[in-house]
Amino acid sequence: MGIARTLGVAMTAALLTALPASAQQLTIWHDLGDNGVAWFERAGAEFAKTRPGVTVRSVSYPTDQWFGRVISAINTNTAPDLIFNNYERVIRIQSQTNRVADLRSALAEVADKSFLGEDDLRVATFRDRMIILPVQRVQMAFGMRKSWLDKVGEPFPDTWEDVKRVAAKFRDNDPDGNGRADTFGMALQAARPRDLIHMLDLFVFGSGLRHTLIDPAGQITIEQPAHAQVLEEFLKTYSEYRFVAPDTINHSFTEMYQVIQGGRGGMFRVGDWNVRGWDAPASLGGDFVSGPWPKFAANRDNAVVIGGMRGVAVPENSPNRVLATEFAKFLLGKEAQQASLELVGAGVRKDLNVDALSPRQQYFARAQHRLVAYDFPESIHTFYPELEAAFHRKLLQGLAAPPRDWKPFIAETAREMRELAQRLARN
């Protein structure tokens with residue numbers, strides 16, 4: 001009886017192994033929440049139309065958990081079929097596992113890819129390996145409460161001087177009409193490096209400058225006059241201008257969103273993925289308008305920032321690697337991209353139908369505004385995360401005890417970052 005049972009188990013295992021691709025299930029791990037789950041469900045259903053029986057199961061984890069689970073699973077040969085996230089997060093996975101597949105040959109097999117530009121392909125590549133297929137450009141605009149603008153009698157601000165004037169009114173003039181002094185000019189964040197420096201990136205690139213901290217040649221940029229001007233004014237929003245909540249130095253994404261969705265912040269970052277949720281009555285009810293980041297100089301055009309690229313990656317030990325790669329390519333197709341636009345708010349194709357989207361979603365989908373791409377320094381300088389962490393610590397020191405004059409502080413910070421970058425580059 002024991003032998004028969006053993007043989008039965010072996011035969012069952014053999015049959016399962018021999019099942020055609022049409023009976024396979026693909027699992028993808030991401031951090032896009034319910035919108036992402038809905039997108040992968042719809043994309044999987046479209047994928048199955050030409051591969052009957054194939055199912056796609058997606059699991060969304062909070063970002064911090066996603067990192068740990070993916071790294072652990074790849075290192076223990078229990079990886080999911082695919083992973084999906086922002087390019088820099090996949091870089092971190094590759095840096096710690098060295099087991100993310102090179103997808104260059106997969107991209108070469110995609111017939112229709114003319115919509116992918118040079119920046120898209122550059123971001124997808126890390127250490128001569130294409131670790132993602134770029135699926136969603138991440139647009140980030142400067143947003144503000146429309147009813148508040150109407151209340152204080154202001155148009156959407158264009159210059160930094162406009163922003164300062166409007167932010168002060170949002171702070172002081174009771175724009176929500178509740179009779180309490182509980183509103184702030186801006187909702188920002190600062191707790192961790194990607195909180196504070198990410199906000200600075202948006203003001204820098206959105207104002208028409210490049211390279212927030214370091215350029216491709218390894219030169220520190222923050223004391224260059226135009227960069228220093230933006231950095232000083234940015235730091236003042238947290239300090240002497242009092243445009244943000246007093247505890248913003250401790251705010252990460254969650255706390256920043258609480259200020260925005262709680263109706264206490266007048267100006268804020270609007271990511272294309274935010275719009276669908278913020279259109280809902282339980283959130284902002286569509287009471288916001290998006291535009292370019294403020295202009296700091298008359299001779300530089302301001303813009304909306306492409307602040308990242310989300311993409312799909314295939315672990316080298318993916319259980320169904322061939323089929324997983326096929327699904328990765330499918331995510332660049334029109335059906336999957338249309339679903340991505342409608343359910344997540346982003347895509348890369350230019351031939352999608354946007355008519356059913358709200359006016360706020362269409363602002364991003366039509367992309368008729370000027371766009372500038374973040375420079376993704378970690379794809380050039382592998383030591384950048386460590387340099388950024390040191391920059392963050394230095395800026396927090398300044399915000400905790402603001403100097404009378406920020407200019408010497410910026411010059412000192414530039415010197416320290418220059419010395420650190422040189423040491424890190426040698427190691």
Side-chain angles (χ1 to χ4, degrees), residues 26 28 30 32-51 54-56 58 60 82 84-86 107 109-121 123-124 132-141 143 146 270-281 283-292 303-312 326-373:
L26 295 176
I28 183 166
H30 59 93
L32 294 175
D34 292 342
N35 291 344
V37 171
W39 170 45
F40 285 118
E41 181 179 354
R42 183 165 147 189
E46 291 290 336
F47 186 64
K49 289 180 179 179
T50 57
R51 295 166 179 80
V54 172
T55 57
V56 176
S58 81
S60 180
L82 306 105
F84 188 92
N85 218 309
N86 288 2
L107 182 64
E109 294 167 358
V110 176
D112 181 13
K113 51 179 179 286
S114 59
F115 45 84
L116 294 176
E118 182 180 342
D119 278 344
D120 301 327
L121 300 179
V123 170
I132 63 169
L133 294 186
V135 174
Q136 296 170 346
R137 293 188 191 94
V138 182
Q139 294 185 55
M140 302 183 185
K146 186 177 186 307
V270 183
D272 49 22
W273 69 95
N274 294 134
V275 181
R276 190 165 181 260
W278 291 357
D279 272 347
S283 183
L284 298 182
D287 179 23
F288 62 98
V289 60
S290 301
V304 171
V305 179
I306 300 176
M309 176 66 73
R310 300 190 199 98
V312 61
E326 289 301 310
F327 183 67
K329 293 189 293 184
F330 180 80
L331 292 179
L332 290 173
K334 191 169 183 178
E335 299 90 346
Q337 284 279 298
Q338 185 69 43
S340 173
L341 179 64
E342 293 175 8
L343 295 170
V344 181
V348 287
R349 295 183 68 100
K350 300 177 181 178
D351 57 352
L352 303 177
N353 186 342
V354 303
D355 292 343
L357 302 181
S358 76
R360 289 155 300 282
Q361 290 174 305
Q362 288 190 26
Y363 177 81
F364 290 101
R366 294 186 185 280
Q368 294 173 336
H369 40 269
R370 182 170 180 265
L371 283 167
V372 297

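The figures that follow rest on heavy atoms only: side chains count, while hydrogens, waters and symmetry mates do not.
Salt bridge status for E342 with R42: present, with a side-chain N to carboxylate O gap under 4.0 Å.
In this structure, H30 and S58 approach most closely via the heavy-atom pair NE2-OG, 3.2 Å. For G277 against S283, the heavy-atom pair with the smallest separation is O-CB, 3.3 Å. Minimum heavy-atom separation, V348 to P134: CG2-O, 3.9 Å. When all heavy atoms of A303 and V372 are compared, the pair lying nearest together is CB-CG1, 3.7 Å.
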**Study point:** side chain to side chain contact (heavy atoms under 4.5 Å, CB included) assessment of L82 paired with V56
**Key:** CA-CA 10 Å; L82 306 105; V56 176; over 6 Å; no
**Study point:** Candidate pair V270 and W278, rule side chain to side chain contact (heavy atoms under 4.5 Å, CB included), full reasoning
**Key:** CA-CA 9 Å; V270 183; W278 291 357; 4.0 Å; yes
Point to revise | Derivation and outcome, side chain to side chain contact (heavy atoms under 4.5 Å, CB included), residues L116 and V110 | key: CA-CA 11 Å; L116 294 176; V110 176; over 6 Å; no
Exercise for review: Walk me through it: do R51 and E326 pass the test salt bridge (Lys or Arg N to Asp or Glu O under 4.0 Å)?
Suggested key: CA-CA 11 Å; R51 295 166 179 80; E326 289 301 310; 3.6 Å; yes
Practice item. List the steps and the verdict of side chain to side chain contact (heavy atoms under 4.5 Å, CB included) for M309 and Q136. Key: CA-CA 6 Å; M309 176 66 73; Q136 296 170 346; 5.6 Å; no
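Here the options are K334, R349, K329, the test is salt bridge (charged side-chain N to carboxylate O under 4.0 Å, His left out), and the partner is D112; only R349 passes. Of the residues listed (V305, D272, V275), the one engaging Q139 in a side chain to side chain contact (heavy atoms under 4.5 Å, CB included) is D272, and it is the only one.
The number of heavy-atom neighbours closer than 6.0 Å to CD of E46, taken from other residues, nucleotides and ligands shown, is above 12. Within 6.0 Å of the NZ atom in K146, the count of heavy atoms belonging to other residues, nucleotides or ligands does not exceed 12. Within a 6.0 Å sphere centred on CG of D351, other residues, nucleotides and ligands contribute more than 12 heavy atoms.
Side-chain N or O atoms of Q362 include one that pairs as donor or acceptor with a backbone N or O of L357 at under 3.5 Å. In terms of modelled atom types and a separation under 3.5 Å, the side chain of W39 and the main chain of A336 share a donor-acceptor contact. At least one donor-acceptor pair closer than 3.5 Å links the side chain of Q337 to the backbone N or O of V135. With hydrogens and angles disregarded, a donor-acceptor distance shorter than 3.5 Å links the side chain of D120 to the backbone of G117. Distance alone, capped at 3.5 Å, places no donor-acceptor pair between the S290 side chain and the G143 backbone.
With rounding to the nearest 0.5 Å, the separation of CG in L332 from CG in L133 is 5.5 Å. Atom CG of N35 is separated from atom CH2 of W273 by 12.5 Å, given to the nearest 0.5 angstrom. The CZ atom of R310 sits 11.0 Å away from the CD1 atom of I132 when rounded to the nearest 0.5 Å. Here the straight-line distance linking atom CZ of F330 with atom CD of E335 works out to 5.0 Å at 0.5 Å rounding. Of the inter-residue distances, the one linking L343 atom CG with D34 atom CG reads 11.5 Å to the nearest 0.5 angstrom.
Using cut-offs of 30° and 60° on the angle between ring planes, the pair Y363 and H369 is parallel.
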